[in-house]
Amino acid sequence: MPAAEDCTKHYLITGGAGFIGSHLSEALLRRGDSVTVIDDLSTGRFQNIKHLVEEYGKGPQSRFRFAIDSITNETVLDRLASECHAVIHLAAAVGVRLILDEPVRSIETNVLGTEAVLKAALRYRAKILLASTSEVYGKGNSVPFREGDDVVIGSTMRSRWAYSASKMVDEFLALAYWRSKELPVVIFRLFNTVGPRQTGRYGMVIPRLIEQAIKGKPLTVYGDGSQTRCFLHVADAVAAILCLADSPEAIGGVFNVGGLEELSIQSLAEKILAKVGSKEEIIRIPYEEAYQAGFEDMRRRVPDISRLRQTVGWEPRRTLDDILTDTIRDVRRRLQG
Ligand code: UDP
């Protein structure tokens, strides 16, 4: 009898030691696929994937490998890409704080890094899933954001918009590889993804406010607190990425991946205080003090997820309350350890 066909796949995950990459690696390994991670540990942490090395990375049946390197190291990237069926490209400069503090490195990582990954994928015709961001909607005020919307971004004199522009270049480049070289490409735009292992170090509001509440410090709300976001549990984001990876219909498409419960940052802070059981106060910090002079924020950021829903049948399953419960538990564990 012929051996059953092996349907498992080998994925290369760039930025796989980061917050989202480590959850994604875990999900792929759990379902039986093989994973190679390349990460330079600039914002990723070995701690995020240590358990995967121990569980899946040892012995002759090993299905997990980890290269500490930059995606701009062409030789290494080429070798790793040659061994994979598909590449999930998550490596990027993340977080508003980092973009403002290290603008040159952020733009270069996003633009040159993606170019290198697309070139490597093309040499081996590996399918590529490119992580993009809701930042590409800039300060547009059509709610909710649809993938085909026109985009309004701010002046080049305001550093924040460098991130949007660099990720837009990534999207243009990836779509050009699909249209002119038939490289199978899928783009997903992540909206405010949150959960265990995310750090507040690069600005992300939920782990920052939770850490402040647990440490008994006042919660810092920037601006007047009326700006809104829709948060998505990382487990839901991973489920969406897996659906997209498995769907031939998704190829050549751009998809919003986001949560649907819109809330203001002020009410988020109030919910966090109540859930942590803290009596601390909420303080307002002007944007120019929190970031830099002339900083521009988005007033509302809400995704339209109908394209993803129709193409792969995905829906977010976790509520904001689930997100806060899991993140509070994780931050508590981290602060104790
Ligand atoms: N924010 C805040 N306090 C903080 C960190 C962030 O009020 O300590 C605000 C930030 O100005 C933005 C929102 O929370 O309006 C979400 O910020 P984050 O950096 O998490 O993501 P963004 O949506 O800006 O990419």
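Atoms within each ligand, like the ligands themselves, are counted from 1 in listed order. If you read the sequence from its start, that first residue is 1, and numbering goes on from there. Everything numeric in this text was worked out from a predicted model, so none of it was measured.
Between the side chains of N192 and R301, at least one donor-acceptor pair of N or O atoms lies under 3.5 Å. Between the side chains of D322 and T319, at least one donor N or O lies within less than 3.5 Å of an accepting N or O. For the residue pair T228/E262, the side-chain donor-acceptor check at 3.5 Å is satisfied. Checking N110 against S166 by side-chain atom types alone, a donor-acceptor pair falls below 3.5 Å. Side-chain atoms of T8 and D33 form no donor-acceptor pair, as typed in the model, at a separation below 3.5 Å. Side-chain N/O atoms of Y137 and R189 include a donor and acceptor closer than 3.5 Å.
Residue contacts with ligand 1 for E135 involve side-chain atoms from C-beta outward but no N, CA, C or O (heavy atoms, distance under 4.0 Å). With a 4.0 Å heavy-atom cut-off, ligand 1 is reached by no atom of I285. Contact annotation: for D297 versus ligand 1, heavy atoms closer than 4.0 Å belong to the side chain alone.
The Q227 neighbourhood of ligand 1 comprises atoms 9 (C), 11 (O), 15 (O), with distances under 4.0 Å to a heavy atom of that residue. The ligand atoms of ligand 1 that sit less than 4.0 angstrom from a heavy atom of R229 are 12 (C), 15 (O), 16 (C), 22 (P), 23 (O), 24 (O). Close approach to V221 involves these atoms of ligand 1, each under 4.0 Å from a residue heavy atom: 7 (O). Under a 4.0 Å criterion applied to the non-hydrogen atoms of N192, ligand 1 contributes the atoms 21 (O), 22 (P), 23 (O).
At least one test fails for R65 against the ring of Y56: distance under 6.0 Å to the centre or angle within 45° of the axis.
No side-chain heavy atom of I107 sits less than 4.5 Å from a side-chain heavy atom of T109.
A perpendicular orientation is assigned to the rings of H23 and F19, their planes being inclined by more than 60° (bins at 30° and 60°).
Looking only at heavy atoms of the protein, atom 8 (O) of ligand 1 is closest to R208 NE, 2.8 Å. Of all protein heavy atoms, the one lying nearest to atom 19 (O) of ligand 1 is G203 O, 3.4 Å. Remark: minimum distance from atom 25 (O) of ligand 1 to any protein heavy atom is reached at R301 NH1, 3.4 Å. Taking atom 3 (N) of ligand 1 as the reference point, the nearest protein heavy-atom neighbour is T220 O, 2.7 Å. Residue, atom and distance of the protein heavy atom nearest to atom 18 (P) of ligand 1 are V205 N, 3.9 Å. Of all protein heavy atoms, the one closest to atom 10 (C) of ligand 1 is Y291 OH, 3.5 Å.
The N/O atoms of I265, backbone and side chain alike, include none that comes under 3.5 Å of an N/O atom in ligand 1. The shortest N or O to N or O distance between Y222 and ligand 1 is under 3.5 Å. Looking at Y287 next to ligand 1, no N or O pair under 3.5 Å apart turns up.
A salt bridge links E135 with R160: at least one charged nitrogen is closer than 4.0 Å to a carboxylate oxygen.
Contact analysis puts R160 in contact with ligand 1, with a non-hydrogen atom separation below 4.0 angstrom.
Distance check, rounded to the nearest 0.5 Å: OG of S22 to CD1 of I49 gives 8.0 Å.
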